[in-house]
Amino acid sequence: MEVIIQQLPIVIHALNIGFMQTLKLFAVTLLGAFPLGLIIAFGSLSRIKIISMTTGLFIWIIRGTPLMIQLLIVYYFPGLVLHNPIWGGGESGRFMAASVAFVINYSCYFSEIYRGGIQSVPVGQQEAGLVLGMTKKQIFFHVTLLQMIKRIVPPISNEIITLVKDTALARIIALQEIIWAGQAFMKGSYNISGAIWPLFFTAFYYLVFNGIVTVMLAGLERKLDYFR
Amino acid sequence: MSILEVRNIRKTFGNIEVLKGITFTLEKGGVLSVIGSSGSGKTTLLRCLNFLERPDDGVITVKGEVLFDRNDPKTLHESQIRRKRLHFGLVFQSFNLFPQYTALQNVMLAPELFMKENHTWNAEKARLADEAEELFVQIGLADRMNNYPHQLSGGQQQRVAIARALIMHPDILCFDEPTSALDPELTGEVLKVIGKLSEQNTTMIIVTHEMEFARDVANQVIFMDGGVICEQGEPHELFGNPKEERTKQFLMRYNQK
Ligand SMILES: Nc1ncnc2c1ncn2[C@@H]1O[C@H](COP(=O)(O)OP(=O)(O)O)[C@@H](O)[C@H]1O
Ligand SMILES: [Mg+2]
């Protein structure tokens, strides 16, 4: 016990650094996947067959394979197969590769939710806008979008909470996120080795983070409760 | 001269011909009631007039301007549709108010976006707000302007939908069974608003199953059956002394109800 109390500040310091990577990956994934998912959703809804079919195939592949494999492919494929190691060897290269894999993966999940959201807004809403002389673009931004957001907040919330935990997968390409940082104390980090409790302690970070995210999303859901 | 001339409108879905050549005219300030059983093509006709469907054949002329002529490619440009459909307004059976906006915002949204696009918003917004408020007085909902649609009854929602159509000043206002989605005790308030509009010489096409109302409000009635105009005439003629067998049968079924 005494040992743990002695180690605690060092461990927390290291875990905080790891957690910043986790947070960064989380934020970059959301910032990238929110808009990219919308573009993919429009692609899968396209009336041009070749676009909707290509998009559908892409979504199927990404959702049908583990994110962990996608991470490995994105990270190793350029260097090992194309002999063009675009990511470099360092932590920033690993972060870039992880970001690309996460953004692509989550865009596809988001796009399916967006698609459901767009389709769940009754066509009468769009037609009402049309007969009032609104353009398709005006109708999307001023009529459809908020109704769609209201409908997708609950399923998107589920994905976001999954994302909090999924960030741990980036450890497979040695991204120094929080679990990597916790595990490092088993093999020797800051002169501490053979300590397993820091690894377990990372769960606490996830719990708190998820708690905050959940409360924020519930707040957003309540904010959109003013209309039906 | 007629404000609206519709000539030989045809519309096919798949291999079902839903409109088989519809021809009629409407005078300025006139009110046309359209009756007919379900599936006879009434909604499709209104949707063609509002450019929600493109007819496969025919000509639509408003105030002498040919808005649509299947055989004149110049009238078919997608880019012109938006301007053309503003000649018409459409009130839907299911209201289709925008749920995230208050009643007042529902009425103001389209003209506001239009004015912002044309950079006249700042100059005109005060006038527009006044006009919107007048419309709410007219539909009897001056005290409910700031309610959201879900806080209003069906009859109130439909009256807001009418105000939303009126603020665009359509030449011809179309109604597609405006009271069919309402509880019986709420139809009266909506019909009263439409009745008042006819007194103010608003040009209207009203598809309805309210036979008494169709007769009283209109100066012309069309009975549609199977995608054609089966009979057309002045209300007292068509309701009092129908010529066609199918009209008689249709009206008889209604009288029994
Ligand atoms: N978008 C569509 N696709 C296929 N069939 C349609 C479509 N719209 C209407 N119809 C068909 O056209 C016929 C006439 O419909 P409608 O105009 O709604 O009649 P009404 O309003 O008189 O009840 C119906 O048989 C209906 O099923
Ligand atoms: Mg109908």
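Throughout, protein chains are lettered first and strands after them, A, B, ... in sequence-line order, and every chain is numbered starting at 1.
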So with a 6.0 Å cut-off around [atom1] of [X], is the heavy-atom count from everything else above 12?
X      : atom1 : value
B:K116 : NZ    : yes
A:R222 : CZ    : no
B:F114 : CZ    : no
A:R171 : CZ    : no
B:E65  : CD    : yes
A:I50  : CD1   : no
B:M115 : CE    : yes

* Given side chains that start at C-beta, do those of A:H142 and B:F98 come closer than 4.5 Å, heavy atoms only? ->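 A side-chain contact is absent here, since even the closest heavy-atom pair is not under 4.5 Å.
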* How about A:V143 and B:L109: do any of their side-chain heavy atoms sit closer than 4.5 Å? ->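 When only atoms from C-beta onward are counted, B:L109 and A:V143 do touch, with a gap below 4.5 Å.
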* To do: Please determine, among B:L52, B:L86, B:I81, the option with the most heavy-atom pairs under 4.5 Å with chain A.
  =>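 Of the options given, most contacts go to B:L52.
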* Asked: Stepwise, does the side chain to side chain contact (heavy atoms under 4.5 Å, CB included) test hold for A:K150 with B:Q100?
  -> CA-CA 10 Å; A:K150 181 183 169 74; B:Q100 72 268 43; over 6 Å; no
Contacting moiety of [X], where chain A heavy atoms sit under 4.5 Å:
X      : value
B:F88  : backbone
B:Q151 : neither
B:L113 : both
B:A165 : backbone
B:L90  : both
B:R164 : both

* In Å and rounded to the nearest 0.5 Å, what is the OG1 to OH distance from B:T102 to A:Y226? ->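 With rounding to 0.5 Å, OG1 (B:T102) is 9.0 Å from OH (A:Y226).
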Does [Y] offer a backbone N or O that forms a donor-acceptor pair with the side chain of [X] under 3.5 Å?
X      : Y      : result
B:R82  : A:G133 : yes
B:N96  : A:G124 : yes
A:Q125 : B:L97  : yes

* Asked: Are B:F51 and A:V131 close enough, and set up right, to give a side chain to side chain contact (heavy atoms under 4.5 Å, CB included), and what steps lead you there?
  -> CA-CA 8 Å; B:F51 295 86; A:V131 298; over 6 Å; no
